[in-house]
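Heads up: the structure comes next, in structure tokens.
Naming convention: chains lettered A, B, ... in sequence-line order (proteins, then strands); numbering from 1 in each chain. Everything numeric in this text was worked out from a predicted model, so none of it was measured.
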Amino acid sequence: MGVQILYIEDDRDIGKWASQDLMERGYEVVWLMNGDGAIEKAESCRLVILDVMLPGLDGFTIGQRLKKKYPGLPILMLSARTSIDDKLQGLEFADDYVTKPFHPDELAARIEVLLRRSGAHSAEPIELKHLKIFEKENRIVNCETGEEVVLTGKQFQIFTYLLQHVNHILTKEQIYEAVWGDSYIDGDKSLMVHIRYLREKIERDPANPEIIETVRGLGYRVRL
Amino acid sequence: MKNWFIFRFGRSLLSRYLLIVIVALLMVPIIITVPVSTYGLVTKVVPIDNSSQPTIYERGNVIEAKWHQQALRLDGASEQDINLEIHHLKGEYPEATMFWVDSQGYTRLEMPQQQQIPVLWTVLDAITFMKSSIASDPFTVVSFIGGGKVNAGQGFMTVQIPRDLLEDGEPYRGMPNSYYVIFGFILFIMFIVVSWLFFARFRKRLLRLQSSMTLPEGDGIPEPVIVNRHDEIGQLEDAFNHMVVQLRESMHREREEEDLRKQLIAHLSHDLRTPLTVIRSHIYSLQKERLSAHGVESLQLIDAKIHDLSGLIDNLLSYNLLTSGRYTLMTEKHDVLRLVRESAAAWYPLWEKEGFEVDVNIQEEPLVWNVDEGWFRRIVDNIFQNVVRHARSGEYIGVYNEIRQGEVAIVIADHGEGMSYPSDTKGVGIGLAIVEFLTSEMGLKLETISSSEGTRVYLYRLK
């Protein structure tokens, strides 16, 4: 059985099509046309897709209530409201905001990222080149040698953060601020040093990294 | 009407100040009388040292009356009686000079002897003597013996007393001038102090009003002031409070209008995008069907147009909001290179997919500008989007820094066919209009240099 997703959408055509597309991608979709019963249904779900303009309570209110009740439950806003104000309001509690008309592949990719970030997939190990990553157990195994890769706290945090944003390029400021929890100071080399040691531990050839890719002038990326 | 005028006048600052001026003017006679009376009082309590002037006679007018009376009493008196009486009077006023002249004009008794008194008086002597004696020192009284005109012809008797030996009929005589000066100065200082207090209060209230005007509350509108008095400043404060109320109402109305407009635009956007989403969903459903190459191409074209239309709706509504002044830019200091880097990182996968050569070479040092983060990202995204849409053929995007007009500029370059080349995806330029509007609002300059070799967009801060 696939991961269960709660989808709240009042437009019959869009709801039907999106639900079908997600089901074809292996998710189990619980589709509601308004916020009634959302709190109860969300209990068994791993992610919520929420429209904004709904009959009765709007998506912002439902989202806030859901987040209050289930703080760890990722919420993806899927709305035809595209103004910055709406996005900012939505992102106060939601984990992502996708605007309509959307590409189903983009929606699926964002759902994947959110599920990975929330640890919904953590039971299944991630296979990345010669590595097998067990997120839940904080364990990385080198499949070629069968040995476990031992990382320091910071190295593990950096690697996990990159994995949570797989396929996204993250700037050094973004990584630093997420891992160190502090503002990046211009010229700080600690991130580069940690990544160098991290590569020495996980890459086959640290001089030509395949797992943590350097994107010149921008940052780093882990690609699946 | 009359009562109203009195009421208004009584509360007027002008009338209050006029009152101060009138009181000051009324003080002028006091300046004159108070020093005199106080001097008199002081000299009585603390007697002036009179050791050098042991004899003080009555006032001049008393002596004059007494002399005239004596002269009248001597009507028909013999020379001996007159001499006797004058001797008696001399005993009373030893410091005085006395003489009498008989009807023939001969000086008969002279005490003490004086050179300027002629022995025989001519008319000229008499006139000269009288003229020199008027209002002069010594104090001189001349009385016809027998008094008056009726019994004239018996001669005249004269007494002369130095004025400083007379009792002062004017107590302030001899009072030093500094006494007046001190009183005048004290009064002047009092006037200045009262005026200063008056204006200091006045100034304090004006400053309070000024600070209320210049220190607005969070919403940018000053707080009303408390009106304690209903004078001219009170009226100004009332007018200010009235203005504050009107401003608040106006701002409230404006906010309501802004919210309504935003709501309307949000609903419009929603209502336009929802059918687009449905159309798109059907395109994806169709794409899963077996289609001819032409069918696939048509679907791709529809999809692309939906994408463009969606962007256009977005831009049109944003432009409407922005240019109607319904959207406030929240400018703050930001490292714009970081924002550019993050935006480029988000676009990178698409550039890769499109086969672009990406050359990002931005300086490490932060470049801090005062911008609205959201709208700045939007400007950069718009430029990146233009490269993808209109300069795809160049397969190149470069992001770097250069000095432009003496400022560090962000440069986004492509190797496309330039802006003059007709592009299938060219719109009416609403995106460009938004970018131009936003850059000018944030004090930035967007400069585009385009040729058949490619386009370079410079974004830099205006000096």
- Query: Take atom CZ in A/F156; do more than 12 heavy atoms of anything else shown fall under 6.0 Å from it?
  - Reply: yes

Checked B/S281, B/S285, B/A345, B/A346 vs chain A; the most non-hydrogen pairs under 4.5 Å come from B/S281

Ranked by heavy-atom pairs below 4.5 Å to chain A, first place among B/G374, B/P366, B/A344 goes to B/P366

CD (A/Q174) and CZ (B/R338) are apart, to the nearest 0.5 Å, by 6.5 Å

All heavy atoms of B/R273 vs all of A/P101, minimum pair found to be NH1-CD, 3.5 Å

Heavy-atom closest pair (B/R280 atom, A/F102 atom, distance to 0.1 Å) is CD-O, 3.7 Å

Worksheet item: What do you reckon, is CZ of A/R65 surrounded by more than 12 foreign heavy atoms closer than 6.0 Å?
Response: no

Here the gap from A/M53 atom CE to B/D271 atom CG, rounded to the nearest 0.5 Å, amounts to 6.5 Å

Applying a strict 4.5 Å limit to non-hydrogen atoms, the region of A/E24 in contact with chain B is side chain

| request: Check whether more than 12 heavy atoms from other residues, nucleotides or ligands sit under 6.0 Å from atom CZ of A/R12, and answer yes or no. | output: no

In terms of heavy-atom contacts, does NZ of A/K132 have more than 12 from other residues, nucleotides or ligands at under 6.0 Å? no

Applying a strict 4.5 Å limit to non-hydrogen atoms, the region of B/H267 in contact with chain A is both

For B/D314 and A/T82, which I'm curious about, is there any donor-acceptor pair between the side chains at under 3.5 Å?
yes

So, the part of A/K172 with a heavy atom under 4.5 Å from chain B: the answer is side chain

d(B/E342 CD, A/I169 CD1) to nearest 0.5 Å is 12.0 Å

Looking only at heavy atoms, the pair that brings A/A80 and B/T274 closest together is CB-OG1, 4.0 Å

Item checked: pair A/D21-B/K288: side-chain heavy atoms closer than 4.5 Å -> yes

Ranked by heavy-atom pairs below 4.5 Å to chain B, first place among A/H168, A/K16, A/R221 goes to A/R221

Counting neighbours of CE on A/M23 that are heavy atoms of other residues, nucleotides or ligands and sit closer than 6.0 Å, is the number greater than 12? yes

Side chain to side chain contact (heavy atoms under 4.5 Å, CB included) with B/T277: of A/D13, A/I14, A/L78, A/D11, only one passes, and it is A/I14

For atom NZ of A/K154, is the number of surrounding heavy atoms from other residues, nucleotides or ligands below 6.0 Å larger than 12? yes

The interface call for A/T171 against chain B, heavy-atom contacts under 4.5 Å, is side chain

Quiz item: Does atom CD of B/E402 have more than 12 heavy-atom neighbours, drawn from other residues, nucleotides or ligands, at distances under 6.0 Å?
Solution: yes

Taking the side chain as C-beta and beyond, is there a heavy-atom pair between A/R81 and B/S269 under 4.5 Å? no

So, the part of B/Q287 with a heavy atom under 4.5 Å from chain A: the answer is neither

Counting heavy-atom pairs under 4.5 Å with chain A, the top scorer among B/E365, B/E352, B/H282 is B/E352

*asked:* With a sphere of 6.0 Å drawn around NE2 of B/H307, does it hold more than 12 non-hydrogen atoms of other residues, nucleotides or ligands?
replied: no

Give me the ring orientation class for A/H103 and B/Y284: parallel if the planes are under 30° apart, tilted from 30 to 60°, perpendicular past 60°.
tilted

Given B/E364, B/R378, B/R341, the one with more heavy-atom pairs under 4.5 angstrom with chain A than any other is B/R341

